[in-house]
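Structure first, then comments.
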Amino acid sequence: MKEFSFYLITDTHYFENSLGAYGKEYDEFMRYEQKCFAETQSINESVFSWLEKVDEADTVLIAGDLSFNGEKESHKGFVKLLDKLQESGKKVYVVTADHDFKEHPFAFNDTGRIEPEGTKREELFDIYNSFGFCDAIAVDRQHLSYVAQLCDGVRLLALNNDGSNDGRRRFDEEHIEWIKQQAAQAKADGQTMIAMNHFPILPCQPIFGLIGSTMQKESAKAATLLADAGVHIVFTGHMHQQSINEYVTENGNKLYDVCTGSIIADPAIIRLVTVKDENTVEIKSIPTPDFDWDTKGKTCKQYLQDTFDAMISNTLTDMKEEPKRILRKFGVKQTPVLMFAVRQAGKLLNSIKLGTLCRLLFVKCDKSIRQMKLKAFAVELVRNVFEGNQPMVEGTPKGDAFVAFLKRIKPILNKIDAKNFDGTKADLFDLLKNTAGNYDIDDYNAVLKLK
Ligand SMILES: [Fe+2]
Ligand SMILES: [Fe+2]
């Protein structure tokens, strides 16, 4: 087969700004938001005009969460961008996802929170028909899934799990049969099949293996299904983070999950993917271009990173000052005991320095980081997890301090009975160490061997 390249973006969360994204309640809402809101139209316009001009590939894949929250006007505005991109000569393939159909989307203006018209899931097939479905070689309409021939040699399995028979957002039995058939057909036709699915099939970072909502439901089953059927790479989104992970099934078949950050939140990345041959896929990562907005002189990267940091920082500040608000935000009952515990944890996080904490725990801490506030360390740690290629590895001052801390609490960690996404017992020491530091595949640029 000849080499084939495509660009991939995800979680565009396009919001038609004329619906309203301003006012007091908007500012309040944005205190805890990772993604941009008022800026998303402008970021999308800048990314799409970049995609129109670049020439390393003429195919663009978009892995879901196309609109902010399924506002009808946002879908209309987004389709205009897709049409323009196709008119420029790029072929576009999309899947829809959880944010593309909501009964109660919202916007904000001077009067507070308002509710623009939403979109039903059944409407999405027609809205996005020109971007994958119309020239697919197979369509599963109920599951909004399709198969498209990207070029001679590469076939796309575009998947969606929002329409499972039981509403559980997993691949139901009918869908599984369809996937198996399509994968077998691709094999029989001598085609390399790659998949796109909004939800990650593998945990983006080890810690997310403990949190079901961060992945496809029944993810281990889905990973085994794809890999054993001969689909060895899946491109995903949803988590707004950068990661590349590998899973090997009991039968010895590999699945790579390449999860890409949203273009409207840190880390905002565009992937350039090249299928080199039947066994080799090269992944490159390109930061999203600057966009037309008053960013107070900041680059796109810095602007989005500051938005991300503010979300974590505000959460930690509110733990100390407004524990009630935090518990309400996360849907936890506001009991006096819990509020006291959150406030005390907040006070500690907001005041103590890394060196002081390490001294209290008899943990070694390099003098270069002793004056660092624990809060700043926590913000950086969380941001690293989302940005991928986490630098807090052993051999660095921050990585050494974190691993020393984990060693100190290892007896406690060993007592906790936790399971990985595939049902195996989780080694929490290892899991946390590998979440803070990336010790395996580069999350941005990699050459992956599929077999
Ligand atoms: Fe999203
Ligand atoms: Fe999502």
Side-chain angles (χ1 to χ4, degrees), residues 8-16 21 29-30 32-41 43-44 47-48 60-71 74-75 77-78 81-82 93-107 118-121 124 127-128 143-145 158-164 167-171 195-205 208 211-219 222 234-243 257-271 288 304 307-308 311 382-383 385-388 421:
L8 181 135
I9 57 172
T10 186
D11 296 77
T12 47
H13 286 290
Y14 182 92
F15 179 76
E16 190 66 33
F29 176 83
M30 290 307 289
Y32 302 119
E33 259 301 311
Q34 179 220 12
K35 52 187 189 292
C36 290
F37 193 152
E39 300 89 336
T40 70
Q41 182 175 336
I43 297 174
N44 271 277
V47 168
F48 275 75
V60 178
L61 270 53
I62 311 181
D65 276 1
L66 309 175
S67 72
F68 202 77
N69 270 319
E71 313 80 21
S74 298
H75 281 304
F78 191 64
L81 286 183
L82 295 177
Y93 299 90
V94 308
V95 286
T96 56
D98 51 326
H99 277 264
D100 293 321
F101 61 101
K102 293 235 188 251
E103 268 181 53
H104 303 291
F106 52 87
T119 307
K120 290 195 172 72
R121 185 177 174 277
L124 295 172
I127 295 175
Y128 290 101
H143 298 99
L144 290 179
S145 299
L159 298 170
N160 170 296
N161 68 359
D162 299 321
S164 62
R168 288 183 56 212
R169 292 210 168 148
R170 61 186 186 118
F171 297 146
M196 172 164 72
N197 186 62
H198 179 64
F199 290 91
I201 304 284
L202 304 177
C204 291
Q205 300 298 350
F208 294 120
I211 310 166
S213 59
T214 61
M215 284 177 292
Q216 167 88 14
K217 293 269 183 324
E218 299 180 355
S219 54
V234 58
F235 294 89
T236 62
H238 180 66
M239 285 301 287
H240 300 193
Q241 71 180 89
Q242 285 286 108
S243 65
D257 185 330
V258 180
C259 184
T260 300
S262 159
I263 58 163
I264 53 106
D266 183 56
I269 293 293
I270 299 165
R271 301 275 198 186
T288 59
L304 298 182
T307 305
F308 186 98
M311 166 188 71
V382 178
R383 191 205 318 127
V385 167
F386 281 79
E387 287 189 341
F421 80 103

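One-based numbering, in listed order, for ligands and for the atoms of each. One-based numbering along the sequence shown.
Within the 4.5 Å cutoff, no side-chain heavy atoms of V94 are placed close to those of M196. Under the 4.5 Å side-chain criterion, counting only non-hydrogen atoms from C-beta, E387 is not in contact with F308. You'll find the side chain of Y128 reaches within 4.5 Å of the side chain of L66, heavy atoms only.
Under the side-chain contact (heavy atoms from CB on, under 4.5 Å) criterion, E16 pairs with Y14, S18, L19, Q41, E73, S74, not counting sequence neighbours.
Within the protein, the N, O or S atoms sitting under 2.8 Å from the Fe ion (ligand 2) are D65 OD2, D98 OD1, H198 NE2, H238 ND1.
For F78 and F48, the gap between ring centers is short of 6.0 Å.
If you check the side chains of S67 and D100, you find a donor sitting under 3.5 Å from an acceptor.
With the Fe ion (ligand 1) as the vertex, atom NE2 of H13 and atom NE2 of H240 span an angle of 90° (nearest 10 degrees).
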